[in-house]
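Worksheet: one structure, shown below.
On a predicted model such as this, the values are computed, not experimentally measured, just so you know. Each chain gets a letter, A, B and so on, in the order the sequences are listed, and its residues count up from 1.
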There are 2 protein chains.
Amino acid sequence: MSQKLFVSAQEVAEKAGVSRSAVSRTFTSGASVSPKTRQKVLDAAEALGYHVNHLARGLMRNESGIVCLIVSEIGTPYRSSLIRALTQQLQNSGKISMLINTDRSDGSVDLALRQAIRYRADASIILSGLPDKSITDLCLKNGQRLVLINRDDDREGPLSINLDDADAAARVATAFVRAGCRKLAFANSQAGTPSLMARERGFVAAAKALGLDVIVERFGHTGYESGRVVAQQLLTRKDRPDAVFCATDLLACGFMDAARHQFSMSIPDQICVAGFDDIEQAAWSSYQLTTFAQPVDMIAREAVSWLVGDSAQPEHHSVRLHADLVWRSSIRGG
Amino acid sequence: MSQKLFVSAQEVAEKAGVSRSAVSRTFTSGASVSPKTRQKVLDAAEALGYHVNHLARGLMRNESGIVCLIVSEIGTPYRSSLIRALTQQLQNSGKISMLINTDRSDGSVDLALRQAIRYRADASIILSGLPDKSITDLCLKNGQRLVLINRDDDREGPLSINLDDADAAARVATAFVRAGCRKLAFANSQAGTPSLMARERGFVAAAKALGLDVIVERFGHTGYESGRVVAQQLLTRKDRPDAVFCATDLLACGFMDAARHQFSMSIPDQICVAGFDDIEQAAWSSYQLTTFAQPVDMIAREAVSWLVGDSAQPEHHSVRLHADLVWRSSIRGG
DNA sequence: CTCGCTTTTGCAAGCGTGTGCAAATGCTGC
DNA sequence: GCAGCATTTGCACACGCTTGCAAAAGCGAG
């Protein structure tokens with residue numbers, strides 16, 4: 001087809017009647033170039049359809065402008081909304097995001113990271129997998145900045161962004177008690193993610209402080225189906241709970257559907273339910289789920305502003321954000 | 001911090017006692033290098049933590065290995081599942097995906113594409129925005145391969161992947177009639193996307209062939225809320241429809257929720273509903289929506305296999321895939 | 001051992017860009 | 001016009017890699 005392929009700065013320079021450095025400087029912000037030549041270059045570039053080669057630029061500057069998003073379960077509502085926010089913010093800051101999917105085998109995160117390193121990504125943001133020491137090491141050793149979201153890793157070097165999971169869990173416990181519930185339960189997956197475990201521990205602790213025990217049930221992955229299974233397990237007990245805090249909204253949706261359609265229970269009259277994440281579905285009128293809003297935009301802003309910031313900033317390597325309680329009708333009262 | 005930053009092939013060569021070319025050849029598949037030196041190189045590389053610089057490689061080979069995903073509404077269930085499938089397939093083929101979010105202003109797709117070109121992406125996959133001639137031109141002129149998904153563009157050059165929307169719509173019409181419905185409606189957004197319009201036209205045409213008129217109602221974006229609004233509009237009519245085909249599952253979910261909770265209607269007894277996409281939520285027991293499954297994995301496989309294929313293949317520049325009908329209980333009978 | 005052949009190796013050029021340095025240019029005030 | 005200064009420009013090298021080409025090495029047969 002088109003043999004010419006790309007037009008180089010050289011050709012632009014010739015057409016504009018200037019040196020190649022002038023072209024380079026025109027497209028480098030902060031470089032010294034007179035308005036006259038600048039315009040000549042811009043005209044020539046426009047006419048020829050010139051685009052700076054970011055591969056070459058990255059090679060020279062030792063800074064690719066690439067940020068790597070390492071994420072599993074991309075299709076999940078919460079994850080995809082976070083990805084949306086992150087890509088948005090990154091683009092606003094002139095960065096570009098590489099997306100790495102770690103859904104498959106175990107070593108895939110490692111493989112993915114290695115890929116990121118080969119492209120000399122300036123940074124990586126991990127929203128996936130458990131905090132593996134070797135992985136963060138690999139990143140840092142290769143001069144990448146690293147952001148861990150909801151991983152609760154307090155190693156030196158990376159920025160970790162977390163929510164006040166335990167505090168949120170305590171607020172739910174209080175709300176349940178205020179609604180007159182006495183038999184509390186916690187529905188979790190078996191993923192064992194730090195944030196999920198923090199919610200579980202926080203809920204159990206808060207309940208204990210209120211003089212109540214908590215039935216904890218865990219099953220499978222963190223998804224709708226697991227919510228149904230956990231409902232099956234919890235609602236067939238002799239001491240059926242009258243309030244259940246689900247570790248995520250997806251679990252809550254599954255739980256609610258099973259409770260209603262399989263056990264013919266009324267929410268919140270017979271059982272109160274709360275979730276976490278505030279995914280879009282939580283607001284749907286079939287659920288009207290009381291839950292905690294993940295401040296995705298703020299998370300993204302924190303992450304990106306730290307990434308693009310100047311190198312010297314050992315101030316706060318750990319950020320804990322607040323999750324607002326979104327009150328809907330899956331808990332009595334309010 | 002670490003001043004050394006990255007280790008180059010030069011250093012590996014010195015450590016291994018071979019020439020730089022030997023190192024290069026070791027990491028280039030199909031290059032001529034003896035097993036002995038190859039092993040020496042691999043050992044040295046491992047010891048030093050060497051990673052091929054893909055920026056430089058891309059510069060030389062005129063092939064970056066980058067594929068650009070240009071997408072709006074990333075957080076949407078269908079879109080995010082397609083992204084998942086695409087990234088998966090691309091990684092399997094040794095490509096890496098750049099994600100560009102075009103949620104914001106109008107010219108953003110153009111901006112995004114320009115960004116892709118700067119990084120010399122080998123190809124772009126567009127799942128967003130309307131088929132703008134200038135955009136595809138920009139891609140093709142810069143030697144990128146282009147895949148359009150659900151855009152129904154039949155220009156020369158790009159591969160376009162579409163579904164048999166019209167045929168699917170006809171199948172729904174038949175199912176509705178078979179269920180005894182007589183007053184058909186179509187719920188759409190105002191997005192005007194080719195695939196949405198194809199479903200609408202197909203449905204109207206099929207109904208006409210069956211001797212029935214269709215009430216078409218359109219509103220806003222293609223999301224849950226619009227489904228509610230359209231329900232409001234359709235269900236307050238004197239000639240209230242008894243079957244409605246929603247252009248997407250999200251619309252259908254909104255419609256069903258409004259029909260049930262706001263109009264106290266029973267589905268499918270009083271009204272039959274069908275959707276399109278088969279998002280995860282369609283299978284949730286609150287909806288049990290009869291819908292058409294987007295063959296996302298097949299779409300991804302088609303797209304990627306075409307992208308990585310050898311340059312000479314003017315065979316089929318347009319692929320039309322079949323959407324399977326997933327029968328659930330939102331239509332009577334079955 | 002030497003010849004002819006195949007495989008492996010090193011050299012060096014080149015990909016498109018950024019940038020330090022010195023030369024050139026423009027501008028101001030006498 | 002000229003000196004003095006600030007600004008702009010061009011040259012040339014560097015970044016880390018691939019690859020054509022020719023020299024070197026291996027290898028089997030005579």
Outermost DNA chain D nucleotides near chain B [under 4.0 Å, heavy atoms]: dG16(D) to dG20(D)
Residue pairs passing the ring-ring contact (aromatic ring centres under 6.0 Å, His included) test where at least one lies in residues 52-71 of chain A, sequence neighbours excluded: His54(A)-Tyr119(B)
Test item: side-chain donor near acceptor, [X] and [Y], under 3.5 Å:
X	Y	result
Ser24(A)	Ser21(A)	no
Ser195(A)	Asn150(A)	no
Gln88(A)	Asn92(A)	no

[X] vs [Y] side-chain heavy atoms within contact, under 4.5 Å:
X	Y	answer
Leu69(A)	Thr87(A)	yes
Gln91(A)	Ile100(B)	yes
Tyr50(A)	Glu11(A)	no
Ser64(B)	Leu55(A)	yes
Leu42(B)	Phe27(B)	yes

Could you state the [atom1]-[atom2] distance from [X] to [N], rounded to the nearest angstrom?
X	N	atom1	atom2	value
Phe6(A)	dT17(C)	CZ	C1'	15 Å
Gln10(A)	dG18(C)	CD	C1'	15 Å
Arg25(B)	dT8(C)	CZ	C1'	8 Å

Pair Arg145(A) + Asp122(A): basic N to acidic O under 4.0 Å: no
Within [range]: residues closer than 4.0 Å to DNA chain C (heavy atoms):
range	value
residues 47-57 of chain B	none
residues 33-44 of chain B	Val33(B), Ser34(B), Thr37(B)
residues 58-65 of chain B	Leu59(B), Met60(B)

Axial bend angle, the helix from dC1(C)-dG30(D) to dC30(C)-dG1(D): five-pair end segments, nearest 10°: 30°
Need one value for [X]: base, sugar-phosphate or nothing, where a base atom within 4.0 Å counts as base even if backbone is also close, heavy atoms only.
X	answer
Ser32(B)	base
Thr28(A)	sugar-phosphate
Ser21(B)	base

Separation between [atom1] of [X] and [atom2] of [Y], rounded to the nearest 0.5 Å:
X	Y	atom1	atom2	value
Leu163(B)	Met298(B)	CG	CE	10.0 Å
Met98(B)	Ile70(B)	CE	CD1	11.5 Å
Gln89(A)	Leu307(A)	CD	CG	11.0 Å

Chi angles and distances behind the salt bridge (charged side-chain N to carboxylate O under 4.0 Å, His left out) call for Glu63(B), Lys95(B): CA-CA 11 Å; Glu63(B) 183 180 337; Lys95(B) 301 284 183 185; 3.8 Å; yes
Under 4.0 angstrom between Ser19(B) side-chain N/O and dG10(C) OP1 or OP2: yes
Residue of the set Leu148(B), Leu146(B), Val147(B) for which side chain to side chain contact (heavy atoms under 4.5 Å, CB included) holds with Ser160(B): Leu148(B)
Partner of Ile149(B) under side chain to side chain contact (heavy atoms under 4.5 Å, CB included), chosen from Asn162(B), Leu127(B), Ile126(B): Leu127(B)
